[in-house]
2 protein chains.
Amino acid sequence: MAKIDIIQLARVLNLSKSTVSRAFRDSSDINPKTKERILKVAKELNYQPNHYASNLREQKSKTIAIVIPELANNYFTQIIQGAEKEAKKQGYHILIFVTDDDISKERDFIRSLASGRVDGVIMSASGESTDHSYLERINYEHLPIVLFDRIYDDIHLPKVVTDDYQSSFAATEHLIQNGCQRIAYLVINKELSIGKTRMQGYEDALKKYKIPLRKRLIIDCSNSYEENSGIIEEAIRKQQPDGILASVERLAFSTYYVCRRMGIQIPETLKVIAFSSLEIAGLMHPPLSVVRQPAVQIGEKAAATLLKQLAGDSLSEEERFITMQSDLVIRESSKAKA
Amino acid sequence: MAKIDIIQLARVLNLSKSTVSRAFRDSSDINPKTKERILKVAKELNYQPNHYASNLREQKSKTIAIVIPELANNYFTQIIQGAEKEAKKQGYHILIFVTDDDISKERDFIRSLASGRVDGVIMSASGESTDHSYLERINYEHLPIVLFDRIYDDIHLPKVVTDDYQSSFAATEHLIQNGCQRIAYLVINKELSIGKTRMQGYEDALKKYKIPLRKRLIIDCSNSYEENSGIIEEAIRKQQPDGILASVERLAFSTYYVCRRMGIQIPETLKVIAFSSLEIAGLMHPPLSVVRQPAVQIGEKAAATLLKQLAGDSLSEEERFITMQSDLVIRESSKAKA
DNA sequence: TTGTAAGCGTTATCAT
DNA sequence: ATGATAACGCTTACAA
């Protein structure tokens with residue numbers, strides 16, 4: 001089946017290409033009968049308007065980009081799910097960009113996207129909150145951006161976040177109330193807005209219960225599974241924590257594996273709770289207590305916010321800063337035995 | 001920062017747009033100094049070539065589509081990971097299309113993609129192997145397609161699959177060797193190539209051990225978590241299986257939840273094994289035995305195969321039909337107690 | 001209601 | 001080595 005363009009189609013129909021074009025757009029005045037005839041023949045000949053030509057002409061692509069640090073992460077894939085669902089509803093498509101936690105890739109992506117490749121962007125930041133000045137140079141009229149999860153605090157862009165401070169505080173408090181005194185905080189990057197906020201909740205909860213904050217209990221982890229196993233094992237050995245708050249799902253998994261290897265009982269010896277949106281956390285051994293982030297909904301919300309801007313609507317102040325609620329789901333991994 | 005096009009950039013530089021254009025493409029002859037100067041100013045002015053204009057002109061987009069039935073599925077998100085990684089290596093981007101298991105959406109996607117929106121497609125089929133005649137009408141010279149996972153047997157397209165028959169046979173055999181006599185096969189759609197192949201392995205393993213095949217033990221499930229819970233619970237109650245082979249990860253999760261609710265012990269009363277690529281299957285309770293599909297690698301392979309075609313290389317017969325090996329990973333959930 | 005023609009921002013061909 | 005120009009396929013004033 002040869003590819004056919006609008007001119008050939010017009011020729012077959014004995015019409016001008018403008019008339020044919022009109023048949024495919026909604027409004028323009030066109031004789032209903034002509035339209036019907038065009039659509040029919042178009043279907044027979046399997047004509048498809050060329051997306052790039054339309055985009056070039058119309059200066060929009062009905063496509064949005066999702067820029068995320070990584071894909072091998074349950075949280076981000078759920079974000080994509082939510083965003084895709086919302087985008088599809090409104091006839092948009094999703095283009096994925098993975099920065100591998102590299103701010104220079106983030107910058108390059110955004111720069112190149114500014115050329116009109118997509119109509120808008122939703123993004124979870126890769127960099128630390130200091131080095132994103134590039135964002136100030138881009139024109140948000142041309143390329144609306146919505147930040148989620150890992151945001152840049154000082155950039156006045158619409159944002160969708162979760163109530164990380166409260167959740168973190170509540171999770172820490174829960175550990176304390178279940179008898180923990182030496183709670184370790186596992187974090188990947190303290191400088192990221194999100195690592196910071198969660199740490200603040202942790203620190204403030206300790207303070208409330210007059211538990212001294214020990215720097216040694218704040219454990220810097222990496223993105224490598226192997227490294228983390230070593231780091232966590234050493235931390236457990238040396239610091240002897242009785243509780244762990246994992247700021248990222250994957251650090252809890254590593255903790256489980258390490259404990260299994262070391263023969264440490266969860267929750268008897270060590271209680272564990274983690275930020276996570278894994279559906280089957282309850283099927284783990286022991287069932288993992290989590291701060292459950294509504295990842296899919298965050299993706300939906302971020303996309304909806306972007307799409308609203310693309311529709312030309314302006315956002316209210318509330319809509320420019322949306323906070324989603326996480327649930328504290330307590331399971332075996334963090335409970336004191338009766 | 002205003003968007004700037006090649007003409008404006010040329011004007012600033014006192015050059016023609018052709019010269020400027022040449023600076024951005026590799027080969028064309030251009031004075032190295034001029035090129036340098038152009039690139040420098042372009043950077044200052046933050047010029048980005050318009051993707052759509054280039055695509056329209058060049059008739060290619062450096063973008064590939066991934067068409068999958070669903071996103072809320074660990075397997076497919078791992079596929080995306082692999083494909084994204086491979087694509088990125090070669091400067092390609094990923095556009096995602098989710099069919100929600102609806103063959104008519106699949107058809108519409110492929111049709112619309114044929115207009116040149118992407119340079120190629122990798123796809124896991126949504127439909128049953130009968131109703132895909134639409135695929136015969138598309139021109140694979142214009143739109144190369146690589147199938148993976150759920151394929152259409154009779155269409156002569158490059159395919160990447162796993163050794164499902166062998167895996168399924170081996171998994172069933174393993175259950176039998178661990179004492180199971182009434183093994184249930186949980187499947188979502190028997191008509192799909194993949195459900196069929198896996199069922200064949202199951203049946204043949206039974207045959208080998210002279211265990212009668214009971215139709216009642218082949219359990220048709222749906223895509224809804226609620227429905228499946230009911231279906232599985234009823235099946236367990238009525239059929240009293242002592243082993244379960246779940247052809248899809250999520251059916252194993254449902255089984256776990258159902259067993260927990262019914263107070264059935266895994267593996268004592270019921271042994272479970274599932275097709276799955278979940279990394280933390282070993283952290284479940286009990287640790288889940290799996291046929292581990294190399295999902296990320298399948299994604300890589302499918303993308304690599306497509307990209308090879310896009311590079312203009314022709315594929316050998318072996319390359320047109322790639323079979324990846326799954327591992328049988330035996331854990332507690334399927335082991336006979338000593 | 002339909003047709004004509006200009007233009008979207010590139011790249012490639014052909015001159016210079 | 002550089003410049004002028006046509007072409008990629010479509011949409012949209014504007015004219016008929």
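Chain letters run A, B, ... following the sequence lines, proteins first, then strands; residues in each count from 1.
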What is the distance, rounded to the nearest whole Å, between atom [atom1] of [X] and atom [atom2] of [N]?
X      : N       : atom1 : atom2 : result
R22(B) : dT13(C) : CZ    : P     : 11 Å
N50(A) : dC8(C)  : CG    : C1'   : 13 Å
N55(A) : dC10(D) : CG    : C1'   : 10 Å
K3(B)  : dT10(C) : NZ    : C1'   : 14 Å
H51(B) : dC8(D)  : NE2   : C1'   : 15 Å
I7(B)  : dC8(C)  : CD1   : P     : 8 Å
I4(B)  : dT10(C) : CD1   : C1'   : 15 Å
N31(B) : dG3(D)  : CG    : C1'   : 15 Å

Is any side-chain N or O of [X] closer than 4.0 Å to OP1 or OP2 of [N]?
X      : N       : result
T19(A) : dT1(C)  : no
Y52(B) : dT11(D) : no
Q59(B) : dG9(D)  : yes

Which part of the nucleic acid, if any, lies within reach of [X] when heavy atoms closer than 4.0 Å are counted: base, sugar-phosphate only, or nothing?
X      : answer
S54(B) : sugar-phosphate
F24(B) : nothing
Q8(B)  : nothing

Check whether any side-chain heavy atom of [X] sits under 4.5 Å from a side-chain heavy atom of [Y], and report yes or no.
X       : Y       : result
L113(B) : M123(B) : no
V146(A) : K301(A) : no
I155(A) : I145(A) : no
L315(A) : F321(A) : no

Note to self: Here's a test of your reading of the structure: between K17(B) and E58(B), which maps to the more 5' nucleotide of DNA chain D?
What the structure shows: K17(B)
Next item on the list: Map S18(A) and A53(B) onto DNA chain D by nearest heavy atom, then report which one ends up closer to the 5' terminus.
Entry: A53(B)
Margin query: Looking at the base of dG9(C), is there any donor atom on it, or on the side chain of R57(A), that sits under 3.5 Å from an acceptor on the other one?
Written below: no
Note to self: Tell me if the side-chain of S16(B) makes a donor-acceptor pair with the base of dA4(D), cut-off 3.5 Å, by modelled atom types.
What the structure shows: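 It does not, because no donor-acceptor pair links the side chain of S16(B) to the base of dA4(D) below 3.5 Å.
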Checklist line | Selection from dT2(C), dT2(D), dG9(D) that lies nearest to any side-chain heavy atom of L56(A) | finding: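 Of dT2(C), dT2(D), dG9(D), dG9(D) is nearest to the side chain of L56(A).
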Note to self: Between Q8(B) and Y47(B), is there a side-chain donor-acceptor contact under 3.5 Å, judged purely by atom types and distance?
What the structure shows: no
